[in-house]
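In this chain, residues are counted from 1 in sequence order. No hydrogens, no waters, no symmetry mates; every other heavy atom, side chains included, goes into these values.
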Amino acid sequence: MNIYQTIANGVKSALADLYQLDTQDGQIQLTKTKKEFEGHLTLVVFPFLKASKKSPEETGKEIGNLLSERMPEVSSYNTIKGFLNLVIDSDVWIKALNDINSNPDFGKTPASENAPLVMIEYSSPNTNKPLHLGHIRNNLLGYSLAEIKKATGNKVVKTNIVNDRGIHICKSMLAWKKWGEGVTPESAGKKGDHLIGDFYVLFDKNYKKELAELQDGGMTKEEAEKNSSLMNEAREMLRLWEAGDLETVALWEKMNSWVYAGFDETYKQLGVDFDKIYYESRTYIDGKEKVLEGLEKGIFYKKEDGSVWADLTEEGLDHKLLLRADGTSVYMTQDIGTAKQRFDDYPINQMVYVVGNEQNYHFQVLSILLDKLGFSWGKSLIHFSYGMVELPEGKMKSREGTVVDADDLMEEMIKTAEEISRELGKLDGCTPEEVRQITQMIGLGGLKYFLLKVDPRKNMVFNPKDSIDFNGNTGSFIQYTHARICSVLRRAAEQNITLPETFNAKIVLNEKEQNLVHSLLEFPTIVQQASDECSPAVIANYVYDLVKEYNQFYHDFSILKEENPDTKTFRIILSKNVAKVINTGMSLLGIKVPERM
């Protein structure tokens with residue numbers, strides 16, 4: 001039982017004896033005392049004034065008196081208006097640290113056999129271009145959320161849906177066929193996803209050139225788009241693909257295989273993975289079947305031109321197209337098909353889609369349609385809607401080739417990390433292999449932390465230079481503190497200091513030591529909050545605050561040079577567990593922390 005629950009039980013008993021008040025769960029509000037006041041836990045007394053029939057100050061004093069008389073955990077108290085601030089005895093914090101120290105997985109809850117299954121979809125790339133900065137934020141949010149859900153006792157399936165069909169794929173295919181001259185990733189010396197992305201940009205360049213020529217010849221923009229031979233060739237290629245034309249399908253398979261190999265390299269470097277990958281080319285057919293099934297049951301309706309629609313006016317929305325007049329599917333149809341396959345594959349309790357906020361309406365509609373079609377989790381699906389990430393220069397555009405490539409960005413971050421680390425002397429004495437390992441941790445850690453520390457629902461601007469800084473709210477600052485603690489632990493071992501499994505000595509802790517243990521105790525609650533709110537930022541900012549607090553303690557108090565051997569041992573155990581929580585917290589963000597820097 002943690003200190004919050006222990007004190008809450010004591011308050012419950014005190015209220016019953018003082019005011020004959022039977023309190024329910026949730027009525028007793030205990031929070032961490034604000035730094036400007038003396039104390040550790042603060043009780044809000046306003047809910048009990050009706051029963052006490054006294055002022056907030058008097059009520060607080062009565063409760064405080066009884067708690068300090070009955071509970072050895074409460075060493076003193078003070079009241080400020082309607083707030084009772086409780087000072088917790090040193091022995092409580094020592095016991096709490098022993099509990100934390102004895103649990104290597106402190107902060108995590110293992111999944112039981114009957115734990116709910118949460119499926120989390122993230123990444124969702126198109127096979128016509130490489131992953132870019134926007135995909136990085138998506139992948140990091142999805143992967144981190146999956147790790148957090150696992151840490152709170154859920155079974156988790158990490159899944160990806162690859163957009164491998166459609167007109168945009170055919171644009172790259174057509175450009176390669178017309179102007180590629182048989183080039184391959186090997187002959188070009190390029191990753192396959194980069195090569196295909198180049199042809200996507202090339203198609204758009206030639207398409208715009210053709211439109212300009214047609215408009216110069218007297219056509220309107222709409223007429224030029226309709227008469228574009230290049231776009232019509234792309235549409236014909238899509239028609240051939242959907243008809244199963246062997247030559248078109250063979251080209252599609254070859255070019256997609258290049259892209260998948262490229263994606264795999266990027267995912268590995270980024271440190272994300274998936275349990276199951278779905279492909280739109282295999283799900284859209286199931287989607288069409290489910291829509292036609294819904295049509296037969298009267299859930300959907302057909303227009304005179306043969307197109308199939310859903311009437312969502314009763315839900316306060318509009319009419320939604322599900323199948324075009326020519327029978328081809330739309331994105332919504334594909335998502336229905338993907339949902340069906342997933343529901344067939346797994347006993348899903350909750351489905352989470354990690355997709356940008358420009359798709360809010362899409363997922364609002366999808367939830368309603370899945371519910372109408374009988375998917376038990378349809379109504380409760382979660383659209384983890386996150387904001388866009390931009391550069392200081394503004395938005396990125398794939399067709400114009402102005403995106404920040406994920407691979408290039410990661411390498412640039414690693415290079416920048418090495419340059420800054422060398423300037424600060426952080427790599428002195430490291431072997432070349434250690435330099436690469438450490439700078440990769442720092443560079444990618446800086447990138448990940450910068451993107452994850454922001455509330456995911458907000459748009460953000462990513463500035464690479466700001467993300468690697470050994471001071472301030474950065475991954476590098478946190479990583480350096482972890483390495484600093486590891487150095488303390490190594491030196492303690494060199495001095496033959498043996499740490500007991502349980503610390504039993506009687507010492508009085510100073511305020512900073514008490515506050516550090518208190519901060520560690522909050523970690524399980526923080527992880528649960530991050531899970532409930534679908535926000536890795538909650539953990540990121542908690543770890544930063546913990547690191548700030550530890551550095552203040554490290555600055556103000558000696559550890560290995562402390563003269564009292566019991567105090568020295570306590571501070572080493574405290575440092576060890578701060579490092580453990582830093583490591584666990586950062587791992588939930590997909591970030592590695594070095595032991596040397």
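- Using the six-membered ring where Trp is involved, Phe274 and Tyr122 have ring planes that are tilted, between 30° and 60° apart.
- For the residue pair His194/Asp405, the side-chain donor-acceptor check at 3.5 Å is satisfied.
- The side chain to side chain donor-acceptor pair (under 3.5 Å) check on Thr283 picks up Thr338, with sequence neighbours excluded.
- Salt bridge present: Arg436 and Glu411 bring a charged side-chain N and a carboxylate O closer than 4.0 Å.
- Salt bridge annotation for Glu418-Lys415: absent, with no cationic side-chain nitrogen under 4.0 angstrom from a carboxylate oxygen.
- In terms of modelled atom types and a separation under 3.5 Å, the side chain of Asp245 and the main chain of Thr248 share a donor-acceptor contact.
- Salt-bridge formation is not detected for the pair Lys290/Asp286: no Lys NZ or Arg NE/NH1/NH2 atom is positioned less than 4.0 Å from an Asp or Glu carboxylate oxygen.
- In this structure, the side chains of Tyr301 and Val308 stay at 4.5 Å or more apart for every pair of heavy atoms.
- Trp176 places no side-chain N or O within 3.5 Å of a backbone atom of Thr184 that could act as its donor or acceptor partner.
- Using bins of under 30°, 30° to 60° and over 60° for the plane-to-plane angle, the ring pair Tyr386/Phe384 lands in the perpendicular bin.
- Checked by atom type, the side-chain pair Asn227/Asn232 shows no donor-acceptor distance below 3.5 Å.
- Screening Ile120, Ile136, Leu452, Leu451 for a side chain to side chain contact (heavy atoms under 4.5 Å, CB included) with Leu141, the sole residue that qualifies is Leu452.
- Residue Lys221 holds its NZ atom at 7.5 Å from CD of Gln215, rounded to the nearest 0.5 Å.
- In this structure, Glu315 pairs ionically with Lys372, as a charged nitrogen and a carboxylate oxygen lie closer than 4.0 Å.
- The side-chain heavy atoms of Phe263 and Ser123, taken from C-beta on, include no pair separated by under 4.5 Å.
- Of the possible donor and acceptor atoms, none in the side chain of Arg457 sits under 3.5 Å from a partner among the backbone N and O of Ser385.
- Using a 4.0 Å cut-off between charged nitrogen and carboxylate oxygen, Lys129 and Asp193 do not count as a salt-bridge pair.
- The only option from Leu323, Asp311, Leu373 that meets the side chain to side chain contact (heavy atoms under 4.5 Å, CB included) definition with Phe300 turns out to be Leu373.
- We find that Arg165 and Glu242 are joined by a salt bridge, their nearest charged nitrogen and carboxylate oxygen being less than 4.0 Å apart.
- Of the residues listed (Lys177, Lys178, Lys171), the one engaging Glu233 in a salt bridge (Lys or Arg N to Asp or Glu O under 4.0 Å) is Lys178, and it is the only one.
- Between the side chains of Gln528 and Asp532, at least one donor-acceptor pair of N or O atoms lies under 3.5 Å.
- Evaluation of the side chain to side chain contact (heavy atoms under 4.5 Å, CB included) rule for Leu214 yields Glu210, Met219, Ala224 as partners, not counting sequence neighbours.
- Heavy-atom neighbours of Glu358 CD from other residues, nucleotides or ligands within 6.0 Å: above the threshold of 12.
- In this structure the side chain of Ile169 never reaches within 4.5 angstrom of the side chain of Asn163, judged on heavy atoms.
- Aromatic ring orientation, Phe343 versus Phe375: perpendicular (interplanar angle above 60°, classes split at 30° and 60°).
- A salt bridge is absent between Asp264 and Lys268; no separation between the charged side-chain nitrogens and carboxylate oxygens falls under 4.0 Å.
- Applying the side chain to side chain donor-acceptor pair (under 3.5 Å) test to Asn256 and every residue at least two apart in sequence or in another chain returns Thr127.
- Counting heavy-atom neighbours within 6.0 Å of Lys592 NZ, excluding the residue itself, gives a total of 12 or less.
- If you take CG on Leu195 and CE on Met255, they are separated by 7.5 Å, rounding to the nearest 0.5 Å.
- In this structure, Thr109 and Val527 have side chains that are not in contact, with every pair of non-hydrogen atoms separated by 4.5 Å or more.
- The aromatic rings of Tyr284 and Trp241 are tilted relative to each other, their planes meeting at an angle between 30° and 60°.
- With no hydrogens or angles considered, a side-chain donor-acceptor pair links Asp318 and Tyr361 at under 3.5 Å.
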